[in-house]
**Student:** 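Have a look at this one.
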Amino acid sequence: MNIAKNMEAIVVAAAVLLSASCYAMAPAAPALQVANSSYAVPVASQASAKAAMQVVVVKAKRLSAAEKARFA
């Protein structure tokens, strides 16, 4: 009967122990690596990248009040 009364405390204690053990076994985080930024993009590829960009144009007429009421 005592176990049933203290079941919440047992579960909380088990969760704390589990999370602490997972944190203790986790591998150390690697040091930050900064990418080398000495590479320059050629001007010709910049122009072709802008030209290859896709543009979407949406054309539609507005709904009248009767059409809006029909869909609502």
Side-chain angles (χ1 to χ4, degrees):
M1 191 66 165
N2 286 338
I3 293 176
K5 288 182 182 178
N6 298 323
M7 188 59 73
E8 182 180 1
I10 293 171
V11 170
V12 169
V16 168
L17 288 174
L18 181 66
S19 63
S21 66
C22 289
Y23 180 72
M25 291 188 305
L32 291 176
Q33 295 178 355
V34 179
N36 187 3
S37 62
S38 63
Y39 178 74
V41 178
V43 177
S45 67
Q46 288 177 350
S48 64
K50 289 183 180 179
M53 183 182 299
Q54 296 179 352
V55 178
V56 177
V57 179
V58 178
K59 293 182 179 180
K61 63 176 186 173
R62 292 187 172 261
L63 295 176
S64 66
E67 290 172 331
K68 288 180 185 178
R70 189 179 73 193
F71 290 120

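Since the model is a prediction, treat every value here as computed from it, not as a measurement. As a basis for the values below, the full set of heavy atoms in this structure was taken, side chains included, without hydrogen atoms, waters or symmetry mates.
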**Student:** For Val56, check side chain to side chain contact (heavy atoms under 4.5 Å, CB included) against everything at least two apart and list the hits.
**Tutor:**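 Counting only residues at least two positions away or on another chain, Val56 forms a side chain to side chain contact (heavy atoms under 4.5 Å, CB included) with Val58.
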**Student:** Apply side chain to side chain contact (heavy atoms under 4.5 Å, CB included) to Leu17 and list each qualifying residue two or more places apart in sequence or on a separate chain.
**Tutor:**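 Not a single residue meets the side chain to side chain contact (heavy atoms under 4.5 Å, CB included) criterion with Leu17.
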**Student:** Show which residues join Leu63 in its hydrophobic cluster (side-chain heavy-atom contacts under 4.5 Å, direct or indirect), or state none.
**Tutor:**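 Same cluster as Leu63: Phe71.
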**Student:** Side chain to side chain contact (heavy atoms under 4.5 Å, CB included) with Ser64: which residues, sequence neighbours excluded?
**Tutor:**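 Applying side chain to side chain contact (heavy atoms under 4.5 Å, CB included) to Ser64 gives Ala66, Glu67.
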